[in-house]
Peer 1: 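First the structure, which I've put down as structure tokens, then a few questions once you've had a look.
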Protein chains: 2
Amino acid sequence: MGVLTIGEFSRLTHLSVRTLRRYHEAALLEPAVVDEITGYRYYGVDQIPTAQVIHRLRELDVPLSDVQRILRTPDPGVRAALVADHLQRLEDELDRTRAAVVALRRLLRPDPAPIDVELRAQPARTVAAVEAVVRGRDVATWYAGAMAELEAAVGAAATGPPGGCYDNALFEQERGHALVYLPTAAPPRTGRVHPATLPAAELAVTTHVGEHDGIEVTYGALGTWVVENAMSVAGPVREVYVVGPRDTSDPAAWRTEIGWPVFRVT
Amino acid sequence: MGVLTIGEFSRLTHLSVRTLRRYHEAALLEPAVVDEITGYRYYGVDQIPTAQVIHRLRELDVPLSDVQRILRTPDPGVRAALVADHLQRLEDELDRTRAAVVALRRLLRPDPAPIDVELRAQPARTVAAVEAVVRGRDVATWYAGAMAELEAAVGAAATGPPGGCYDNALFEQERGHALVYLPTAAPPRTGRVHPATLPAAELAVTTHVGEHDGIEVTYGALGTWVVENAMSVAGPVREVYVVGPRDTSDPAAWRTEIGWPVFRVT
DNA sequence: CTGGACTCTCTCCCAGGGGGAGAGTCCACG
DNA sequence: CGTGGACTCTCCCCCTGGGAGAGAGTCCAG
């Protein structure tokens, strides 16, 4: 009594027979009994709730490995924390989706506004910086934490707007080196904050106006300019947040200087 | 001039070299020039905006085939409509995510509330119905439309709460037969609305209280009861929306009767 | 005891990439 | 004019989380 064939269990849990077999194979949901001779799987009714939890987690695109980890966690508190992590991940994903929608609308709007590019010889400068190797998708989160730490360490002693320096690999691959800074006369060394020297470079500079979601368009335009002016790109891209969230809460007023180290191609 | 190797193009578009090659293979983004001898791909700067659009669409999980369709649509209006379709799809997915989160929270909350199950001999009845074969994920949408049509055709002549009858395959596989009805003395035949007879059946009936997101839990409990009472399931599940959105907008007050056709197992 | 429904394992397929091997190419520097 | 290093080519296998179907074995009620 209370033992179900895979088909019955499938009907009760709304998981397909195939998927149940897959979960067995993955040691995610093992049948209560497996007939050693015939190989038939038999499930207990007490496994129905587990199957439903799996079903829901999969609906949330939680990887099977993580589902397994959650199910194997006996402590309900820890388990709730694991689930909360995934819900947070969903939130983040939602944010990225929203950003992509905004950017897409901007891209599809015919927007032939030409850009002004200035070639600038940027001398080396020493600043208060926080740097790390981060994953591309985590840049925004990392930036927020790093900049908060910089503000705390430098604050009013800043001699100009903040900026950043981002490895190209950050965008091409999954991870790359990133650095954010605040210029100041005497860079302190506190926590992750430390003095760093931005090397001198010849920069192709343009200014992106507005929130950052559509910044790709400006990047592309700058890239086009660089190529059409017979130049090539060398080294990480630099950004200066001339007017940013620390100055005004109106994203439309933000001004971001994008500088790409370039060199002339024969 | 204005011609880029795949690596340069990768840096300018933030698409990996591998992905660019894949897009070429998929005829999604063809290089401006391919050297016939070496096979080297060369891209034009004018392809940067296209690459960015692809990038954004992929961020929104638009399938490559649909990206291709969108890119090949010359009319901006039609193209905007295609994109809007996908944004709608994203909205729907978001709704399902929300529902799964709610259901998951309910599942993980230790909720050992025992359920009352009643065995009921349900005589055959003739009702005004709308039926179709639908995909599992489309049930909610389909239901809304069908019920609106039923309300329009029957309206105040209804002799009881609405209900539905859903093929088990609807949940196990991708699609299945679904029927929704309003009981009435003289079922009309208008549009998709037509008279239908629900066959007599022995039903194991329980009541789910609250919104539908957590109804799986009740389903599971009912399934457990059926099995533990040495019965088995035969035929599609029936639901009666005793108190539903047409009665009150407070989901917590909704009452849904779930009836599973059962038969006694020796 | 037989037929139909059910279940088993097996292989192949899909999207949308990632990773690496091994060979060929490009180009700037010496 | 070489040559070395960076770049690129193709090809094959891997990943996740399934779906489809073949061919054989099993269960059970009539």
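Just so it is clear: chains get the letters A, B, ... in the order the sequence lines come, proteins before strands, and each one is counted from 1. FYI, side chains are in, hydrogens and waters are out, and symmetry mates aren't considered; it's all heavy atoms of this structure. Predicted model only: the values in this text are computed from it and were never measured.
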Peer 1: What is the distance, to the nearest angstrom, from the CD1 atom on A:I54 to the C1' atom on D:dG18?
Peer 2: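 Value for this atom pair: 15 Å.
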Peer 1: Kindly give the atom pairs (protein nitrogen or oxygen, nucleotide nitrogen or oxygen) under 3.5 Å for nucleotides 14-16 of chain D.
Peer 2:
none

Peer 1: What pairs with B:H86 under ring pair (Phe, Tyr, Trp, His ring centres under 6.0 Å), at least two apart in sequence or on another chain?
Peer 2: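 Checked B:H86 against ring pair (Phe, Tyr, Trp, His ring centres under 6.0 Å); zero matches.
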Peer 1: Check each residue of residues 25-37 of chain A for a non-hydrogen atom within less than 4.0 Å of any atom in DNA chain C, then write out the ones that pass by number, or none.
Peer 2: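 Output list: empty, so none.
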Peer 1: Looking at every heavy atom in both B:T19 and B:S16, which two are closest together, and how far apart are they?
Peer 2: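 Scanning both residues, the minimum pair turns out to be OG1-OG, 2.8 Å.
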Peer 1: Atom CG of A:D61 to atom P of C:dA15: distance rounded to whole Å?
Peer 2: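 The answer, rounded to whole Å, is 18 Å.
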Peer 1: Quick check on D:dG19: is either OP1 or OP2 less than 4.0 Å from any side-chain nitrogen or oxygen of A:S16?
Peer 2: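 Indeed, a polar side-chain atom of A:S16 lies that close.
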Peer 1: What is the per-nucleotide protein-contact pattern of nucleotides 1-6 of chain C, from the 5' end, where B denotes a base atom under 4.0 Å from a protein heavy atom, S denotes such proximity for sugar-phosphate atoms only, and - denotes neither?
Peer 2: -----B
Peer 1: Strictly below 4.0 Å, N to O, side chains only: are A:E93 and A:R89 in salt-bridge contact?
Peer 2: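 So A:E93 pairs with A:R89 through a salt bridge.
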Peer 1: Could you check how far CG of A:D66 sits from P of D:dG17, rounded to whole Å?
Peer 2: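 So the two atoms are 9 Å apart, to the nearest Å.
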Peer 1: Does a side-chain N-to-carboxylate-O contact under 4.0 Å join A:R56 and A:E59?
Peer 2: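 A salt bridge is present here (some side-chain N lies under 4.0 Å from a carboxylate O).
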Peer 1: Report the C-alpha separation of A:H14 and B:Y219 in whole Å, then their side-chain angles, then the decisive distance to 0.1 Å, and conclude whether the ring-ring contact (aromatic ring centres under 6.0 Å, His included) test is met.
Peer 2: CA-CA 10 Å; A:H14 297 170; B:Y219 263 85; 5.7 Å; yes
Peer 1: For A:E8 and D:dT26, what is the distance between atoms CD and C1' respectively, to the nearest whole Å?
Peer 2: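 One finds 15 Å between C1' of D:dT26 and CD of A:E8, rounded.
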Peer 1: What integer distance in Å separates B:E59:CD from C:dG17:P?
Peer 2: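 Whole-Å distance recorded here is 11 Å.
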Peer 1: Write out a two-atom table: protein N or O, nucleotide N or O from nucleotides 9-12 of chain C, distance below 3.5 Å.
Peer 2:
residue, atom, partner, partner atom, Å
C:dT9, OP2, A:R41, NH1, 3.1
C:dT9, OP2, A:R41, NH2, 3.0

Peer 1: Applying the side-chain contact (heavy atoms from CB on, under 4.5 Å) test to A:F9, which of A:L15, A:L29, A:V45, A:V3 qualifies?
Peer 2: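 The single option meeting the side-chain contact (heavy atoms from CB on, under 4.5 Å) with A:F9 is A:L29.
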Peer 1: Using whole Å, what does the distance between atom C1' of nucleotide C:dT7 and atom OH of A:Y43 come to?
Peer 2: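 It works out to 12 Å between those atoms.
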Peer 1: Between atom OH in A:Y42 and atom P in D:dC28, what is the gap in whole Å?
Peer 2: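 After rounding, the gap between these two atoms is 6 Å.
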Peer 1: Whole angstroms only, please: what is the CG-P distance between A:L20 and C:dT7?
Peer 2: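 Result: 10 Å.
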Peer 1: Report the residues that fulfil side chain to side chain contact (heavy atoms under 4.5 Å, CB included) with A:E36, sequence neighbours left out, ordered by chain and then residue number.
Peer 2: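 Residues passing side chain to side chain contact (heavy atoms under 4.5 Å, CB included) with A:E36: none at all.
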Peer 1: How close do A:A26 and A:Q68 get, heavy atom to heavy atom, and via which atoms?
Peer 2: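 Closest pair (atom of A:A26, atom of A:Q68, distance): O-NE2, 3.4 Å.
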Peer 1: Just do the side-chain contact (heavy atoms from CB on, under 4.5 Å) check on B:V34 and B:Y40 with the steps written out, would you?
Peer 2: CA-CA 6 Å; B:V34 177; B:Y40 273 35; over 6 Å; no
Peer 1: Any idea which heavy atoms bring B:E239 and B:Y166 closest together, and the distance?
Peer 2: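 Taking every non-hydrogen atom into account, OE1-CE1, 3.7 Å.
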